[in-house]
Amino acid sequence: RRTMQRMWVYVAIAIGGTLGCWARYAMTNLVQTVYGTDFPYATLSINLLGSFLMGFLFIETLERLTISPVLRTGILTGGLGGFTTFSTFEMESLLLTERGEPLKALLYVGLSVGVGFIGAFFGAYIARNL
């Protein structure tokens, strides 16, 4: 029984991760089409939205909605794990610095971490106060 449930968790993570990666790719294309590639707006917007959704869905699925632990893990670990792009964020920060734009890199890091935390906070706050 436990082995079977563990297998379904992996399946849920795989499905969620696939959907999250597709959503990230689509959003990257959309944001880069609209705003260009001079600044990593796509990754920034994905990380900020992902932070908000993580805060919101974590609380919503813990305190308000009754969903299976397997589905919850698929959404949070798979879906949002596939959607958010922390390793890309780190690489883009490094590339901005190496490109001679350390202030842009610092702005990017500050916005990602600071506004991302605010997004997670407000996502959790909204979920708790609906």
Side-chain angles (χ1 to χ4, degrees):
R1 170 123 171 96
R2 178 171 251 170
T3 303
M4 189 62 115
Q5 183 173 357
R6 202 173 294 143
M7 182 202 66
W8 284 114
V9 169
Y10 281 101
V11 169
I13 291 169
I15 292 168
T18 298
L19 296 173
C21 288
W22 288 348
R24 180 179 72 219
Y25 183 73
M27 188 162 167
T28 297
N29 287 331
L30 174 67
V31 171
Q32 287 180 345
T33 298
V34 173
Y35 295 103
T37 58
D38 288 344
F39 187 81
Y41 293 111
T43 304
L44 177 62
S45 63
I46 288 164
N47 286 339
L48 298 180
L49 178 59
S51 295
F52 173 82
L53 289 173
M54 181 61 82
F56 183 83
L57 293 173
F58 184 90
I59 296 302
E60 207 49 28
T61 59
L62 184 66
E63 297 179 3
R64 300 180 69 118
L65 296 176
T66 303
I67 65 172
S68 75
V70 171
L71 180 58
R72 185 171 191 263
T73 303
I75 292 168
L76 298 177
T77 302
L80 289 176
F83 180 67
T84 58
T85 52
F86 195 77
S87 59
T88 303
F89 155 73
E90 292 295 349
M91 195 66 227
E92 288 171 340
S93 301
L94 175 64
L95 292 173
L96 283 170
T97 303
E98 288 180 345
R99 205 167 68 196
E101 300 182 274
L103 292 177
K104 221 181 232 188
L106 191 58
L107 173 66
Y108 183 44
V109 169
L111 286 171
S112 295
V113 174
V115 181
F117 174 78
I118 291 168
F121 178 85
F122 279 114
Y125 177 82
I126 290 168
R128 285 191 171 121
N129 292 286
L130 280 177

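- Between Arg72 and Phe58, the shortest heavy-atom distance links the atoms NH2-O, 3.0 Å.
- Exactly one of Leu57, Ile126, Val115 qualifies for a side chain to side chain contact (heavy atoms under 4.5 Å, CB included) with Phe52. That residue is Ile126.
- Linking Ile, Leu, Val, Met, Phe, Trp and Tyr whenever their side-chain heavy atoms come within less than 4.5 Å puts Leu76 and Ile67 in one cluster.
- In terms of heavy-atom proximity, Ser112 sits nearest to Leu44 at OG-CD1, 3.2 Å.
- Taking both residues in full, the closest heavy atoms of Thr85 and Asn47 are given as N-OD1, 2.9 Å, listed atom of the first, atom of the second, then distance.
- The backbone N or O of Gly82 sits less than 3.5 Å from a side-chain atom of Arg24, completing a donor-acceptor pair.
- Taking Thr77 as the reference, Ile13, Thr73 meet the side chain to side chain contact (heavy atoms under 4.5 Å, CB included) condition, with sequence neighbours excluded.
- Side-chain contact between Leu95 and Pro40 is absent, with no heavy atoms from C-beta onward closer than 4.5 Å.
- Both Val109 and Leu111 belong to a single network of hydrophobic side chains, linked directly or stepwise wherever heavy atoms of I, L, V, M, F, W or Y lie under 4.5 Å apart.
- What you find for Ala105 and Ser93 is that their closest heavy atoms are CB-O, 3.6 Å.
- The minimum heavy-atom distance between Ser45 and Val31, with the atom names listed, is OG-CG2, 3.7 Å.
- Counting non-hydrogen atoms of other residues, nucleotides and ligands closer than 6.0 Å to CG of Asn129 gives a total above 12.
- Atom CZ of Phe86 is separated from atom OG of Ser51 by 10.0 Å, given to the nearest 0.5 angstrom.
- Note on Met27: it clusters hydrophobically with Leu30, by side-chain heavy-atom contacts below 4.5 Å among ILVMFWY residues.
- At least one side-chain heavy atom of Phe56 sits less than 4.5 Å from a side-chain heavy atom of Leu130.
- Side-chain heavy atoms closer than 4.5 Å link hydrophobic residues (I, L, V, M, F, W, Y) into clusters, and following such links, possibly through other members, connects Leu19 to Val11.
- No single ILVMFWY cluster, assembled from side-chain heavy atoms under 4.5 Å apart, contains both Trp22 and Leu49.
- Arg128 places no side-chain N or O within donor-acceptor distance of the main-chain N or O of Ile59, the cut-off being under 3.5 Å.
- Within 6.0 Å of CD on Gln32 lie more than 12 heavy atoms contributed by other residues, nucleotides or ligands.
- In this pair, Tyr41 and Phe39 present their aromatic rings tilted. The plane angle is within the 30 to 60° band.
- Rounding to the nearest 0.5 angstrom, the gap separating the CD1 atom in Ile46 from the CG atom in Leu53 is 11.5 Å.
- When side chains are defined from C-beta on, Phe89 does not count as touching Thr84, because their heavy atoms never get closer than 4.5 Å.
- Proximity of Leu94 to Met91: side-chain heavy atoms (C-beta onward) are separated by under 4.5 Å at one or more points.
- The two residues Ala127 and Arg64 come nearest to each other via the heavy atoms O-CD, 2.9 Å.
- Separation of atoms NZ (Lys104) and CG (Asp38) is listed at 5.5 Å; rounding is to 0.5 Å.
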